[in-house]
Structure formats: C-alpha cells, structure tokens
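Proteins come first, then strands; the chains are lettered A, B, ... in the order of their sequence lines, and each starts at number 1.
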Protein chains: 2
Amino acid sequence: MLKKERHSLIIKQVNLHNKVLSADLALQLNVSEDTIRRDLNEMDEAGEIVKVHGGALSRSYHYPFKYSDVYAADAKKKIAHKAISLIKDGMVILTGGGTTMIEMVGMLPKTLSATIFTISPLVALQLADHPLITVILIGGQFSKNSQVCVGPQVTGYLNEIRFDFCFLGTNGISLSDGVTDSDLDIVQVKKSMIRSSNKLAVMCIAEKLNSSQRIRVCELSQISCLITDLDPTDQILQAYSRENIQLY
Amino acid sequence: MLKKERHSLIIKQVNLHNKVLSADLALQLNVSEDTIRRDLNEMDEAGEIVKVHGGALSRSYHYPFKYSDVYAADAKKKIAHKAISLIKDGMVILTGGGTTMIEMVGMLPKTLSATIFTISPLVALQLADHPLITVILIGGQFSKNSQVCVGPQVTGYLNEIRFDFCFLGTNGISLSDGVTDSDLDIVQVKKSMIRSSNKLAVMCIAEKLNSSQRIRVCELSQISCLITDLDPTDQILQAYSRENIQLY
DNA sequence: TCGAAACCTGCAATAAAATGCAATAAATTT
DNA sequence: AAATTTATTGCATTTTATTGCAGGTTTCGA
C-alpha cells in the first residue's frame with residue numbers, strides 16, 4: 001500500500017463521513033496508528049483535512065461557516081462600514097456571500113429602506129429582523145463549499161433583472177489578472193451578477209490585494225468601487241485608482 | 001465521539017435554538033455534564049458561543065434566559081427520527097421550514113443519497129456538510145416571520161417540477177378543517193408544494209393536534225402520512241387513521 | 001434566605017500523541 | 001549491479017489530552 005494511495009482513501013472517508021478515527025483507519029488500512037497519525041498530520045499541513053485528537057475532520061465540518069470568521073474580523077468590520085455608506089434609500093442591490101457581506105448587512109441602519117437580492121441564505125437570514133429591507137433570495141443549486149446558490153437557475157434569473165449596485169467579496173484581485181476566484185460555479189454566477197448591475201463594488205481585505213486565484217471573474221475596468229480596510233490614500237491602492245476605480 | 005465533533009454538533013444546536021442547556025447536551029451526546037461544561041468553556045474562549053450559567057447562547061443572539069424555559073426539542077426529535085425512515089435512496093424531496101424540519105435534515109444518515117428541494121435557507125445550510133445530498137434552494141421573497149421563501153416566484157417554480165415526497169410541518173391540523181396555517185403567503189406556497197408532490201407527509205407535535213389556524217392549507221384526504229411524537233396506536237390519532245392517513 | 005442545581009478544582013484512569021530509534025523499503029548515485 | 005542515501009514504517013517510551021468523579025463552592029430562583 002502506497003502512502004499516496006492511503007491518503008486518497010483517507011480523503012474519501014473524510015468526505016463521506018466528515019470524520020475519521022485514527023484507530024479505525026489503522027485497522028482498515030492495515031497499518032499502525034502511528035502511520036495514520038503521520039498521514040493525518042501531513043494532510044493537515046497540506047490543508048486537506050483538519051487533524052484533531054483522536055482522528056481528523058473535514059475542513060467544512062470543523063469550521064462551521066458562521067463562526068469561522070473570527071479571522072480578520074476587524075478588517076471586515078471596517079470594510080462593511082464603508083460599504084454601507086454607498087447604499088442609499090430605495091436602491092435595488094445584489095449581493096454575493098461571504099463573511100464580510102454578512103457583517104455588512106448586519107450593520108445596515110434600521111432606517112434604511114432598500115431591496116436586496118442575494119444568492120446567500122446567510123445574508124437573507126441576517127436581514128430577517130430588518131424592518132424596512134425587502135429580501136429576495138435567489139434560488140438554485142446550493143454550493144456546499146461557499147454556501148451560496150449557483151448554477152444555471154441563478155444565472156438565468158439574473159438575466160431578467162437590472163440592479164443598481166452589485167456587492168461582491170473576493171479572495172483575489174490584482175492589477176494583472178483583475179478579480180479572480182477559485183471555484184468555477186461561483187465565477188459563472190459572479191459574472192452574471194456583474195453583467196446585470198449598473199455598478200460593481202468589490203470588497204477585499206488588504207492581505208488579499210495583489211493576489212490571484214485560478215479563474216478570472218472580471219477586469220479591473222468593470223469595477224466601480226474598491227472597498228478595503230486600508231485608508232484610500234494608502235500607497236498599495238493607488239495603482240487601482242489609476243484604473244478609474246473609486247477607492248473606499 | 002471526537003471532542004471537536006462534539007463542538008461542531010453543539011454549534012449546530014446553538015445556531016438552531018439560540019440556546020442550549022448543558023444537561024440536554026450531556027444526554028444527547030452521551031457524555032458527562034462536566035465534559036459539556038469544559039466544551040462550552042473552550043468554545044466560549046474561542047468566541048464561538050457565549051457560555052452562561054446552565055448552558056450557552058449563540059453569540060449573535062444572547063438574551064438572558066431562565067431555567068424555566070426549556071425548549072421542547074424532544075418531541076421534535078422523535079418526529080424527525082420517524083420522518084427519516086420514510087426517505088429512501090434516490091428520492092427527490094421537497095421540504096418546508098421550521099425547527100422540526102431542520103432537526104430532521106440534520107439527522108439524515110451520511111450514507112443517504114437524495115435530492116432535496118427546499119424553501120428554507122436554514123434547511124439548506126444544515127445540509128451543507130452532508131456528503132451525498134444535493135440541495136436545491138428555491139428562491140423568492142424571503143419571509144421574515146417564517147424564514148422561508150414565498151411568493152409567485154416560488155409557486156411558479158414549483159409548477160415546473162414533480163417531487164416524490166413533500167414534507168411539511170404545521171401549526172394546525174384538525175378533523176374538521178384539515179391542515180391550517182396563519183400566514184397567507186405561506187399557505188399559498190404550501191398549496192403549490194402539495195400540488196407538485198406525489199405524497200405528502202405532515203409533521204405535527206402532539207399539542208398542535210386538533211387545533212386550527214385561520215387559513216386552510218389542504219384537506220386531510222391529501223395527506224399520505226402523519227408524523228407525530230405520539231405512538232401511532234394512540235387514541236387521539238385513530239380518527240386520522242380513518243381518513244386513510246398512514247400514521248407514524 | 002434557603003435548597004437545589006450548576007459550577008469549579010484536583011485527581012486518577014484511560015487513550016492518544018510525540019519522540020527517538022531501528023529495521024526495512026525505495027530511490028539515487030556510482 | 002552495488003553502494004549510498006533517503007523515506008517509510010513499527011515499536012518502546014515519555015508526554016500530553018480527555019474524561020468522569022469526588023469534594024467543596026457559587027449561583028439561581030422562589
């Protein structure tokens with residue numbers, strides 16, 4: 001039994017059950033628990049699973065989305081705060097998902113009246129106690145990774161409507177590649193979202209600036225506003241300003 | 001049971017009910033209350049929940065609570081458990097919202113493969129870590145009261161598809177009025193859901209049996225299965241059995 | 001204020017992990 | 001092909017983690 005072979009079997013197990021016990025794996029794969037532990041540690045290093053005492057968990061299981069966002073929470077709050085200033089009474093807005101977005105809608109003033117279309121169930125739920133905002137959840141296949149709706153149902157639906165403003169979070173933005181993402185389904189939806197909106201605001205924490213993912217979402221020229229946790233006068237941002245992007 | 005696994009389960013409970021009691025968790029997860037307390041303390045440290053005397057609260061929603069208000073999840077668990085036994089591999093299922101429903105999908109065995117359409121964002125989210133179930137969230141206007149999607153978008157969409165089974169919770173069911181509800185938007189959606197499904201399973205806790213709300217959802221004759229927390233042989237249920245309803 | 005319930009602390013039993021080491025298996029070089 | 005290096009594995013030992021329990025203390029709600 002090759003090590004790689006073992007690893008792929010372990011991944012399968014983890015994906016299927018969301019958890020594995022070292023002892024079980026040792027028995028199944030007919031190696032010592034020490035070997036399994038070493039395997040799990042390597043796979044944890046590689047980010048494939050999360051090693052815990054006694055075994056391992058799938059990443060999605062270990063970090064229940066809602067609270068994984070202690071990460072860079074301050075930055076996201078700052079961004080959310082700036083984003084809100086762009087929203088005016090009566091606007092029809094389209095939003096993606098992500099912790100920053102959830103943070104943002106949670107901070108919307110109770111006196112603001114607007115219509116928000118979203119592909120994110122969490123965004124909708126967050127708005128459940130807002131008195132004046134009408135929420136339309138755009139349905140489709142639910143992507144378990146990103147916890148938003150994707151697929152042809154979503155893109156087809158988006159074709160029929162025009163929005164004032166589209167708010168998107170991103171994991172990659174750079175001068176050379178524009179806005180990029182790692183999941184093809186998401187990218188297709190984001191492209192539709194951008195196409196259907198008059199203006200596009202991209203929200204990005206500073207550390208993701210000038211980094212790229214695999215798949216292109218859009219060019220810099222399509223962005224109206226770039227919202228980061230940095231000061232708009234920050235050196236790093238000036239190159240984006242030259243692309244006709246309004247900085248916040 | 002892995003410690004982190006327990007933590008994940010606890011977070012789910014907290015998100016679902018906004019609060020948990022240590023004693024309940026100890027029973028459910030089959031560990032001592034001391035262990036639960038240690039878990040809750042750690043999770044509080046990590047910022048995932050808020051520990052309070054007697055249990056824990058969700059971070060986003062921590063109001064003080066008394067010992068007196070214990071949520072009656074037991075009945076709902078029983079119902080959920082019975083409902084699951086109706087679901088077979090490969091089925092295409094439609095579900096409404098409500099805590100019982102969320103409880104149910106959370107308990108679905110990881111080896112079950114099925115397609116679940118739902119109007120409830122919470123149901124979709126609850127299924128995010130299920131390896132084999134395809135989730136389609138049906139979009140539309142998000143109803144803030146009931147936390148599900150309603151409106152013409154939903155009913156229109158439902159017209160196009162046929163489902164094997166529809167699962168609905170209800171607040172009112174009686175011999176004279178059939179299934180009833182208090183929210184017109186919801187009722188319209190429920191009617192569509194029933195029309196699009198071959199079979200209808202209604203889930204109802206015992207105390208709601210033989211009670212009526214304002215607006216009619218459907219006749220008893222349209223119900224295939226009635227799932228309660230009572231024993232199917234219970235006296236109260238026999239009248240329903242005479243209506244050709246299968247009792248669970 | 002009182003009694004019950006929940007809490008905390010330290011302790012012991014058990015289980016899992018880390019570490020160092022030797023044996024074997026693969027890969028690489030000569 | 002032989003020799004050398006490197007990687008992998010299992011085992012023994014030590015260290016750490018997890019858990020339940022006993023006890024004394026605090027908190028809660030009536």
Report summary line: Separation of C/dA26 atom P from A/K3 atom NZ, nearest Å, is 14 Å
Report summary line: note: B/K4, atom NZ; D/dA17, atom P; distance rounded to Å ~ 12 Å
Query raised in the report: Quick one: do B/E103 and B/K76 make a salt bridge, cutoff under 4.0 Å?
Result: no
Report summary line: Expected list for residues 29-49 of chain A near DNA chain C, using heavy atoms below 4.0 Å, is A/D34, A/R37, A/N41
Report task. Provide the closest heavy-atom pair for A/I205 versus A/A75 in the form atom of the first, atom of the second, distance. Result -> CG2-CB, 4.1 Å
Query - Reference residue A/D39; test salt bridge (charged side-chain N to carboxylate O under 4.0 Å, His left out); the match among A/R6, A/K3, A/K51 - result: A/R6
Report task. With sequence neighbours left out, write down each residue that passes side chain to side chain contact (heavy atoms under 4.5 Å, CB included) with A/T134, or none if nothing qualifies. Result -> A/T115, A/I136, B/Q141
**Report entry** Ion pair check, B/E42 and B/R38, cut-off under 4.0 Å
**Finding:** no
**Report entry** Euclidean distance, atom CG of residue A/L27 to atom C1' of C/dA15 [Å, nearest integer]
**Finding:** 16 Å
Query raised in the report: Contact class for B/K51 (heavy atom, under 4.0 Å): base, sugar-phosphate, or nothing?
Result: sugar-phosphate
Report summary line: Between CG of A/L2 and P of C/dT24 the distance, given in whole Å, is 20 Å
Report summary line: For B/S146, the side-chain hydrogen bond (donor to acceptor under 3.5 Å, both in side chains) test, sequence neighbours excluded, returns B/S143
